[in-house]
Amino acid sequence: DGAEALHRLGLLALGKGEGAKAVALIDAAAALAPSARLKHNAAVALNQSGDRAGAVARLKTIAAEHPEYATDQLSLAAFLAEAGETQAAADLMGTLADRANEANATGVLDGALGQLGRLEAAPANLMVLANRLRVAGRGEAARRLLAPLIARHPDHVGARLTSAMAALT
C-alpha cells in the first residue's frame, strides 16, 4: 500500500544518511496509516537529521500514546542518555524492565536491563525491580542490576541481602 511504500522509501533515505528526506517520507506514511512504528521511525530520522530535541519530544509523545511499544522507550532512553538526562533514562528503563518482567517479555527485559547497565544512574525503582526479578527466578539479572549500587555503597544492607537471596535462585 501507499503508506508502506512511503515508509520503505523513508527507511532507504535514512540508510543513506538523508535524515530530512526520511522524516518527510515517514511522516507522510504515518499520516496515511498512523502507527507507533511509523511515528518512532520518523523520530529516529529526525534525530539523524540533527534535531535531537524534536526526536525526544516525539518519542515522549509516542511513549505516552503507546506504552506497549517498547522499541520507542528503548530509543527514548538512549536519546535521553546521550543528552545527559541519565536519571530520566534510568527511570524509564526501570519502569520498562518491571513491566517486561511482569509480562515475561524476555527480549524487552534484556533490552531494558542492558540499557540500565550502560547508564551512570540507577532507576528509582531499583530495589523493587531487583526483588521482583529475584522472585521471578531471574536471580542473575537481579544481581547484575544491584552490582553497581553495592560497589558504590558496600554497606547497603538491602542491596546486599537481595543480591545474596538472588544468588540462591
Side-chain angles (χ1 to χ4, degrees), residues 11 14 19 26 30 34-48 50-169:
L11 292 177
L14 186 62
I26 299 171
S35 73
R37 180 175 68 100
L38 293 179
K39 291 176 184 179
H40 170 264
N41 288 345
V44 170
L46 190 61
N47 184 63
Q48 183 175 318
D51 185 1
R52 174 164 294 136
V56 166
R58 284 187 183 207
L59 291 173
K60 285 180 178 179
T61 299
I62 298 163
E65 293 174 354
H66 302 279
E68 76 289 349
Y69 191 61
T71 301
D72 174 72
Q73 293 175 47
L74 291 165
S75 294
L76 176 57
F79 290 175
L80 288 170
E82 290 169 9
E85 296 182 47
T86 55
Q87 189 59 58
D91 289 342
L92 179 62
M93 287 300 91
T95 300
L96 180 61
D98 198 22
R99 289 181 30 233
N101 182 52
E102 181 71 23
N104 201 26
T106 306
V108 174
L109 177 61
D110 290 345
L113 292 175
Q115 288 249 21
L116 278 170
R118 291 186 291 276
L119 295 172
E120 295 292 321
N125 69 341
L126 177 73
M127 291 302 299
V128 170
L129 176 57
N131 273 297
R132 288 183 177 161
L133 289 168
R134 177 186 59 77
V135 169
R138 296 181 168 104
E140 185 55 38
R143 290 174 55 89
R144 281 194 318 272
L145 184 64
L146 291 168
L149 175 62
I150 293 170
R152 285 191 312 274
H153 304 285
D155 294 331
H156 193 295
V157 175
R160 292 184 74 76
L161 178 61
T162 300
S163 182
M165 291 178 0
L168 299 174
T169 58

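For the single chain, residues carry numbers from 1 onward in sequence order.
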Query raised in the report: Hey, is Lys39 close enough to Glu65 for a salt bridge, meaning N to O under 4.0 Å?
Result: yes
**Report entry** Identified side chain to side chain contact (heavy atoms under 4.5 Å, CB included) counterpart of Lys60 within the set Leu92, Leu76, Asp72
**Finding:**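 Among Leu92, Leu76, Asp72, the one meeting side chain to side chain contact (heavy atoms under 4.5 Å, CB included) with Lys60 is Leu76.
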Please find the pair of heavy atoms, one from [X] and one from [Y], that lie closest to each other, and give the distance.
| X | Y | answer |
| --- | --- | --- |
| Ile26 | Leu38 | CG2-O, 3.2 Å |
| Ala97 | Leu109 | O-CD1, 3.4 Å |
| Ala166 | Arg143 | CB-CG, 3.7 Å |
| Ala43 | Leu59 | CB-CD2, 3.7 Å |
| Asp98 | Asn125 | CB-ND2, 3.9 Å |
| Leu74 | Ala112 | CD2-N, 3.8 Å |

Between [X] (side chain) and [Y] (backbone), is there a donor-acceptor pair under 3.5 Å?
| X | Y | result |
| --- | --- | --- |
| Gln87 | Ala122 | yes |
| His156 | Ala159 | yes |
| Gln73 | Leu96 | no |
| Asp91 | Pro123 | no |
| Gln48 | Leu14 | yes |
| Asp51 | Gly54 | yes |

Requested in this report: Give the intermediate values and the outcome of side chain to side chain contact (heavy atoms under 4.5 Å, CB included) for residues Arg134 and Arg138.
Outcome: CA-CA 5 Å; Arg134 177 186 59 77; Arg138 296 181 168 104; over 6 Å; no
Report task. Give a yes or no on this: more than 12 heavy atoms of other residues, nucleotides or ligands lie within 6.0 Å of atom CD of Glu82. Result -> yes
Query raised in the report: Does CZ belonging to Arg99 count more than 12 external heavy atoms closer than 6.0 Å?
Result: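 Counting neighbours around CZ of Arg99, more than 12 heavy atoms of other residues, nucleotides or ligands fall under 6.0 Å, so yes.
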Query - Non-hydrogen side-chain atoms of Leu116 and Leu126 separated by less than 4.5 Å - result: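 No, their side chains stay 4.5 Å or more apart.
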Query raised in the report: With side chains defined as the heavy atoms from C-beta onward, is the minimum distance between Glu140 and Leu133 less than 4.5 Å?
Result: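 Of all side-chain heavy-atom pairs linking Leu133 with Glu140, none is under 4.5 Å.
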**Report entry** Short side-chain donor-acceptor distance under 3.5 Å, His40 and Thr71
**Finding:** no
Query raised in the report: Taking atom OG1 of Thr162 and atom CG of Leu129, what is their separation to the nearest 0.5 Å?
Result: 11.0 Å
Report task. Calculate, to the nearest 0.5 Å, the distance between atoms OG1 and CZ belonging to Thr86 and Arg118 respectively. Result -> 14.0 Å
